[in-house]
Structure formats: C-alpha cells, structure tokens
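Note sheet for the following structure.
None of these values were measured; they are calculated from a predicted model.
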Amino acid sequence: MDENSAVTGLAEKTVNKIEELAGTYPGYRRAHAKGELYEAIFTPTGEAVQYTVAAHLTDTEVKTIVRFSNVYPNPSVPDALSVVKGMSVQFQYPSGDIANLIGVTIPIFVTKSPATFFEILNTVNSVKDGRPHFKDMVELFTKFPESRAAFQMIRKLENTKSYATGRYYTMHAFYLVNEKGLRTPVKFEWEPEAGIETLSAKELATLPSSYLAKELNERLETGEVRFRLHIVLGETGDPTDDPTKEWPKERKRIEAGVLRLKSKVNVADDHFIFDPTVLAQGIECSDDEILLFRKDAYAISYNRRRKGE
Ligand code: HEM
C-alpha cells in the first residue's frame, strides 16, 4: 500500500469510528454537525504584504462565508455541552478560487499524529450525549501524555457568551510565501472586536439548547459583527509540525485584516466543505500531519453527508 492510500485508509477508519461512537445523523457533518452559516466581507489592512502574495491578505477585499459550529457529531447536543466552538472561514476570490481558514476556541489539539488520534477514539466508549464519560477521560489522561495539555485546557474553558465573543485559533502552523519566495511560519487567530465574554454555569443553565445561533442572529439585526485576523509570526525553533504545542506568547503578531459579518445564509444552501488545506497562492501547509490528514477525513464526511447518509 502506498503512503497516500494508507492515509486515506486511516481517515476512513477514523470517520467510521466517530460514527460508531457518536451515531450517524444523515446529511450532517461527522464532526461539528450543528452550525450556522453567514455571509461576510474580509478587508485586508495591507500589513501582511511583506510576508505573502495572497491577494486577500494584502490588497483585495473578498466575500467570505463563515460557519460557526459546536464540535459534536450529534446535532442535538445542547450548545452548553460543546465548550469548544468552531469558526470556519472561506475566502471567495472573484476568479472563483477559494481559500479556507478554520479555527476553534482552543489553541492546541490532543495529538500530533493521526494514528494516535484513532487510538484516542478507540479508548473512548461513547460520546453520544456530548462529552466522553469521566472514566474514559481518566484513561485518556493516563494513556496519552501528549494530550494532557489540551484536555486540561478544555476542562478549564468557559462557554462563550456569543459566537461573536470567542477567540478562534487555527492551531496548525502554515507558511506565508512572499514575492521573493521567502517562507515565514505563521499561525492565525480571529480576535473578536466585541471582546472575549464567557458565561458562568449558572447563567448557562437558564439558556435554551441553541442559544448561540439565536444570540448571533439577534446581534446582527442591530449591527455588524467583526473579527480581526491576527497573524502570529513564528521564529526559529517554533514547532511547525506539532499542534499540541503553543508558540511563546511574546511572538510578534500583525493584524492582517477585518472580517465583517453581514447576514445569515439559509442552511439549505450548505454545500460547503471547509478543507483546511485549500489555500490561496502565497499560503502553504506546514508539515503538520494532522493538518494534512484532515483533507481526507473531511472529504469522506462530505461525500457521505451529501449522499444523505
Ligand atoms: C485527526 C484530526 C481531525 C479529524 C479526524 C477531524 C474530523 C472532522 C470531520 C470529519 C469534520 C466534518 C467535515 C465535513 O463534513 O465537512 C470536521 C469538521 C471540523 N473540524 Fe475537524 N477534525 C480533526 C482536527 C481538527 C482540528 C485540529 C481542528 C482545529 C481547527 C478542527 C476543527 C474543525 C471545524 C471547525 C470543523 C467544522 C467545519 C465546518 O464548519 O464545516 N478539526 N472535522
């Protein structure tokens, strides 16, 4: 078996395993099933021009589609149980080309290896009602030391008050490539202009199951929702292949542009696949195996859900 078919084989096994653990919900994504789509505009500041030739990050305002989501494969899990949230952004060039940028509300992942991710899923018995059970969590903690930092972070994470008040991290490193071919390792973060706001457990208990979509739709009736795209510049020695590790907090960052959310898109029009490896000229994938693995896993999930499975 060549390397590519081995990766696809593992991606298929992984998606099958997610279905086995969480159930199958026809037509829904195999992860991040519950979500809302919005139209938005992204305007670059020009600050990234010395690092990349990517037009949307330098001089071209582009339309974008944004999808906010809960993490679970079961679309009925209440927002309050999905403490990590997703923000997927697709930049749409006038030429028809697209570039994706997918973030979540924690900066690190549970492993740097797709095979270990499968092993982690194998250790869990069920996630049908949301989180893994406590006993499974204890076993994960003992068996997978590289995952501890992410699990601890998830345990301490508070639910966001609004999709508009979360900070979203792409986790993986990418390379920006400029006119001279110079490659700079970077990570991306979406900083909410409304500030970071979270809810206490007591406040959460009073809210409806889908409070996040309702809140964001009401917020958009009275004005725009904005996020600033921060690019964190990596330095020599910062790992580019390990999404379990954060880069030092003091790394220089630039503000590449502003995203302005406009209006909700009818979910019936959801033909989108936010493959994180689909990038514009001037942005390249790093050597992070998880990033590259996601391409196949997302395609498998997409094919199944588009067939109504
Ligand atoms: C082994 C690693 C991973 C696997 C197997 C995996 C699997 C999946 C699958 C199957 C989907 C549904 C795709 C679709 O039907 O379009 C999905 C969606 C998503 N994943 Fe992952 N994922 C992984 C890592 C990550 C990481 C590191 C992030 C952090 C940024 C992430 C964030 C998301 C988000 C935000 C979505 C929703 C995309 C959308 O809005 O359409 N995933 N994931």
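- Between Phe227 and Phe68, the ring planes lie tilted relative to each other; the angle falls in the 30° to 60° range.
- Note that the CG atom of Asp59 and the OG1 atom of Thr43 stand 12.0 Å from one another [nearest 0.5 Å].
- Lys252 contributes atom NZ, which lies 6.0 Å from atom CG of Leu233 (distance to the nearest 0.5 angstrom).
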Should Lys63 and Glu39 be marked as a salt bridge (charged side-chain N to carboxylate O under 4.0 Å, His left out) after you check the CA-CA gap, both sets of side-chain angles, and the distance that decides it? CA-CA 7 Å; Lys63 280 190 185 165; Glu39 278 176 349; over 6 Å; no
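- Hydrophobic clustering places Met137 together with Leu121 (ILVMFWY residues linked when any side-chain heavy atoms are closer than 4.5 Å, directly or through intermediates).
- Glu255 and Thr45 form no side-chain donor-acceptor contact under 3.5 Å, judged by distance and modelled atom types alone.
- Donor-acceptor pairing under 3.5 Å is lacking for the side chains of Ser82 and Lys34.
- In terms of modelled atom types and a separation under 3.5 Å, the side chain of Thr142 and the main chain of Val138 share a donor-acceptor contact.
- In this structure, the side chain of Asp270 engages the main chain of Phe272 through a donor-acceptor pair within 3.5 Å.
- The side-chain hydrogen bond (donor to acceptor under 3.5 Å, both in side chains) pairs that include a residue from residues 101-116 are Thr111-Glu146, Ser113-Thr116, where partners are two or more places apart or lie in different chains.
- Two residues are said to be in side-chain contact when any heavy atoms from C-beta on lie closer than 4.5 Å; Ile106 and Met171 meet this criterion.
- When side chains are defined from C-beta on, Asp97 does not count as touching Gln92, because their heavy atoms never get closer than 4.5 Å.
- Side-chain contact check for Pro145 versus Arg148: some heavy-atom pair is nearer than 4.5 Å.
- A distance of 9.0 Å separates CG in Asn16 from OG1 in Thr24, rounded to the nearest 0.5 Å.
- Salt-bridge formation is detected for the pair Lys249/Glu246: a Lys NZ or Arg NE/NH1/NH2 atom is positioned less than 4.0 Å from an Asp or Glu carboxylate oxygen.
- Thr14 places a side-chain N or O within donor-acceptor distance of the main-chain N or O of Leu10, the cut-off being under 3.5 Å.
- Between the side chain of Ser286 and the backbone N or O of Ala173, at least one donor-acceptor pair lies under 3.5 Å.
- The side-chain contact (heavy atoms from CB on, under 4.5 Å) with Leu176 is formed by just one residue from the set Val53, Leu182, Leu57; it is Leu57.
- The cluster map of Ile, Leu, Val, Met, Phe, Trp and Tyr, joined by side-chain heavy atoms under 4.5 Å apart, puts Val110 and Ile102 in different clusters.
- Under the 4.5 Å side-chain contact rule for hydrophobic residues, Val83 and Tyr169 do not share a cluster.
- Connection of Leu216 to Leu259 is established within a shared hydrophobic cluster, with ILVMFWY side chains joined at heavy-atom distances below 4.5 Å, either directly or through further cluster members.
- For Asn303, there are no side chain to side chain contact (heavy atoms under 4.5 Å, CB included) partners two or more places apart in sequence or in a different chain.
- Between atom CG of residue Leu204 and atom OH of residue Tyr211 there is a gap of 5.0 Å, rounded to the nearest 0.5 Å.
- Thr198 and Thr160 share no donor-acceptor pair across their side chains, judged by distance under 3.5 Å alone.
- Under the 4.5 Å side-chain heavy-atom criterion for Ile, Leu, Val, Met, Phe, Trp and Tyr, Leu199 and Met87 are members of the same hydrophobic cluster.
- Just one of Glu191, Glu193, Glu197 meets the salt bridge (Lys or Arg N to Asp or Glu O under 4.0 Å) condition when paired with Arg167; it is Glu191.
- With Trp190 contributing its side chain and Arg228 its backbone, the two residues share no donor-acceptor pair below 3.5 Å.
- Less than 6.0 angstrom separates the ring centroid of Phe117 from the ring centroid of Phe109.
- Of the possible donor and acceptor atoms, none in the side chain of Arg226 sits under 3.5 Å from a partner among the backbone N and O of Arg260.
- Heavy-atom contacts from other residues, nucleotides or ligands closer than 6.0 Å to CD of Gln152 number more than 12.
- Side-chain atoms of Pro107 and Met153, non-hydrogen and from C-beta on, do get closer than 4.5 Å to each other.
- Note: Phe174 and Phe188 meet the aromatic proximity criterion, with ring centroids under 6.0 Å apart.
- More than 12 non-hydrogen atoms from other residues, nucleotides or ligands lie less than 6.0 angstrom from NZ of Lys262.
- Results of the side-chain contact (heavy atoms from CB on, under 4.5 Å) test with Phe91 over Leu279, Leu101, Thr60 single out Leu101 as the only residue that passes.
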Under the criterion side-chain contact (heavy atoms from CB on, under 4.5 Å), I'd like the reasoning laid out for Glu189 against Arg253: C-alpha separation, chi angles, the key distance, then a yes or no. CA-CA 10 Å; Glu189 293 176 15; Arg253 52 180 63 218; 3.0 Å; yes
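- Here the CD1-CD1 distance, from Ile254 to Ile231, works out to 4.5 Å after rounding to the nearest 0.5 Å.
- One side chain, Tyr38 or Asn217, offers a donor N or O that lies under 3.5 Å from an acceptor on the other.
- Taking 4.0 Å as the cut-off between side-chain N and carboxylate O, Glu119 and Lys143 do not count as a salt-bridged pair.
- Contact annotation: the side chain of Tyr163 never approaches that of Glu215 to less than 4.5 Å [non-hydrogen atoms, C-beta and beyond].
- With hydrogens and angles disregarded, no donor-acceptor distance shorter than 3.5 Å links the side chain of Asp288 to the backbone of His172.
- If you run side-chain contact (heavy atoms from CB on, under 4.5 Å) between Pro243 and each of Thr170, Ile108, Ile290, only Ile290 comes through.
- Tyr25 places a side-chain N or O within donor-acceptor distance of the main-chain N or O of Ala22, the cut-off being under 3.5 Å.
- In this structure, Asp238 does not pair ionically with Lys245, as no charged nitrogen and carboxylate oxygen lie closer than 4.0 Å.
- Using modelled atom types, one finds no donor on one side chain facing an acceptor on the other under 3.5 Å when comparing Thr123 with Glu139.
- For the atom pair NZ (Lys161) and CG (Asn159), the distance works out to 13.5 Å, reported to the nearest 0.5 Å.
- Proximity of a side-chain donor or acceptor of Glu203 to a complementary backbone N or O of Ser200 within less than 3.5 Å is detected.
- Figure legend: Arg305 and Tyr28 shown without cation-pi pairing, the cationic atom not lying both under 6.0 angstrom from the six-membered ring centre and within 45 degrees of its axis.
- Put simply, the side chain of Asn100 gets close to the backbone of Asp275: a donor and an acceptor are under 3.5 Å apart.
- For the salt bridge (Lys or Arg N to Asp or Glu O under 4.0 Å) criterion with Glu36, the lone passing option out of Lys85, Lys214, Arg67, Lys264 is Lys264.
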Would Thr52 and Asn178 count as a side chain to side chain donor-acceptor pair (under 3.5 Å) if you check the C-alpha gap in whole Å, the side-chain angles of each, and the deciding distance to 0.1 Å? CA-CA 4 Å; Thr52 179; Asn178 73 6; over 6 Å; no
